[in-house]
2 protein chains.
Amino acid sequence: MLTPLLRELVAAEKPALARNDLTMWGYVVLCALDRGTVRTQAALAQAVNADKTRIIGTLDELQDRNLIERRPDPEDRRVRLLAITDAGRAVKEAAQAEIQSGEERWLGLLTAEERSVFLRALQRMTHA
Amino acid sequence: MLTPLLRELVAAEKPALARNDLTMWGYVVLCALDRGTVRTQAALAQAVNADKTRIIGTLDELQDRNLIERRPDPEDRRVRLLAITDAGRAVKEAAQAEIQSGEERWLGLLTAEERSVFLRALQRMTHA
DNA sequence: TATTGTTATACTCTATAACTATA
DNA sequence: TATAGTTATAGAGTATAACAATA
């Protein structure tokens with residue numbers, strides 16, 4: 001049941017991402033960096049469940065658009081310190097708001113009671 | 001939240017499928033055919049959300065192993081009538097049982113009440 | 001010599017297009 | 001000529017391996 005539902009959700013959020021000029025990976029990275037600065041690209045890759053080589057292009061583009069900051073650590077110039085910028089946070093918030101409002105199409109089918117149980121159950125299973 | 005959860009579920013069911021010598025697509029096809037005979041491969045592809053060219057290899061293999069039946073329709077020899085065999089149903093049931101028991105690792109975190117609400121909510125949103 | 005990040009290569013999966021056989 | 005199925009080709013996405021820079 002989860003597979004078709006997730007497919008629909010992803011399809012539905014595509015236009016919202018496009019309106020904010022974000023790819024799925026760009027959005028995922030912004031969300032991860034909004035939860036806190038990360039010290040290495042490898043750590044970020046792990047946090048978003050991606051290969052370290054897979055996010056490089058994404059980081060290049062986000063940096064070009066000043067949505068993230070990415071500079072060599074002065075203490076170890078091999079590593080890149082990563083942080084979201086104010087502009088990046090603004091884009092992320094806008095996209096997230098649109099996505100969450102789109103999700104109402106599904107969550108709106110539930111009663112307040114069901115909705116709270118559903119989200120709590122999902123959260124518990126996700127963090128298991 | 002759904003994405004990482006589904007990823008884990010899929011990863012967890014892989015060994016169960018392997019033990020029954022099934023690919024993900026093979027399992028999906030057997031499940032679809034177990035819900036009822038299908039008249040054309042295109043219809044089956046649509047039912048499992050796949051391209052019609054994508055399931056041909058799967059059908060070849062399932063047929064070789066006598067898990068499905070696939071014969072030209074006498075009334076229109078262009079179309080292939082598709083049906084699961086008894087052997088196919090047995091394999092599907094075995095795999096499904098293992099998969100569902102594996103899912104207990106997650107559903108077991110919920111109370112009986114939560115579990116029933118969760119599954120009902122999921123079902124309603126899936127069919128929307 | 002080991003590690004971070006990058007680039008280059010190969011592989012898998014999927015989608016598109018051309019082909020065969022029936023109608 | 002149109003349709004079901006098949007095969008061949010091309011494209012996207014991802015993973016693996018080689019490389020450059022720092023330590």
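Sequence lines set the chain letters: A, B, ... in the order given, protein chains first and strands last, and positions in each chain run from 1. Both backbone and side-chain heavy atoms feed into the values below; hydrogens, waters and symmetry mates do not.
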Among residues 1-18 of chain A, which contact DNA chain D at a heavy-atom distance under 4.0 Å?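 Those residues whose heavy atoms fall under 4.0 Å from DNA chain D, taken from residues 1-18 of chain A, amount to none.
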
Which parts of residues 39-49 of chain A get close to DNA chain D, meaning a heavy atom less than 4.0 angstrom away? none

Please identify which of these residues, B/Arg70, B/Arg80, B/Arg71, meets the side-chain hydrogen bond (donor to acceptor under 3.5 Å, both in side chains) condition with B/Gln63. B/Arg70

Over all heavy atoms of both residues, which pair between [X] and [Y] is shortest? Give the atoms and the distance, please.
{"X": "B/Ala87", "Y": "B/Asn66", "result": "CB-O, 3.8 Å"}
{"X": "B/Trp25", "Y": "B/Arg54", "result": "CH2-NH2, 3.2 Å"}
{"X": "B/Gly108", "Y": "B/Arg115", "result": "N-NH1, 4.5 Å"}

Is [X] atom [atom1] crowded by more than 12 heavy atoms from other residues, nucleotides or ligands, each under 6.0 Å away?
{"X": "A/Asp86", "atom1": "CG", "value": "no"}
{"X": "B/Gln46", "atom1": "CD", "value": "no"}
{"X": "A/Glu113", "atom1": "CD", "value": "no"}

By ring-ring contact (aromatic ring centres under 6.0 Å, His included), which residues pair with B/Tyr27, not counting sequence neighbours?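 With neighbours one apart ignored, the set is empty.
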
Distance check needed: [N] [atom2] versus [X] [atom1], whole Å only.
{"X": "A/Leu82", "N": "C/dG5", "atom1": "CG", "atom2": "P", "answer": "7 Å"}
{"X": "B/Leu59", "N": "D/dA4", "atom1": "CG", "atom2": "P", "answer": "16 Å"}
{"X": "A/Leu81", "N": "D/dT22", "atom1": "CG", "atom2": "P", "answer": "15 Å"}

Within the distance-only criterion (no hydrogens, no angle test), does the side chain of [X] pair as donor or acceptor with the backbone N or O of [Y] below 3.5 angstrom?
{"X": "A/Asn20", "Y": "A/Leu22", "answer": "no"}
{"X": "B/Arg65", "Y": "B/Asp21", "answer": "yes"}
{"X": "A/Arg105", "Y": "A/Leu9", "answer": "no"}

Strictly below 4.0 Å, heavy-atom distances to any atom of DNA chain C: list the hits from residues 64-72 of chain B, or just say none.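 None, since no heavy atom is under 4.0 Å.
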
Just by protein heavy atoms under 4.0 Å, how would nucleotides 13-23 of chain C read 5' to 3' in B, S and -? -SSBB----BS

Mind checking salt bridge (charged side-chain N to carboxylate O under 4.0 Å, His left out) for B/Asp73 and listing every partner two or more places apart, or none if nothing turns up?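 Salt bridge (charged side-chain N to carboxylate O under 4.0 Å, His left out) list for B/Asp73, sorted by chain: B/Arg39.
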
Hey, are the side chains of B/Leu110 and B/Leu107 touching, using non-hydrogen atoms and a 4.5 Å cut-off?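 Yes, at least one pair of side-chain atoms sits under 4.5 Å.
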
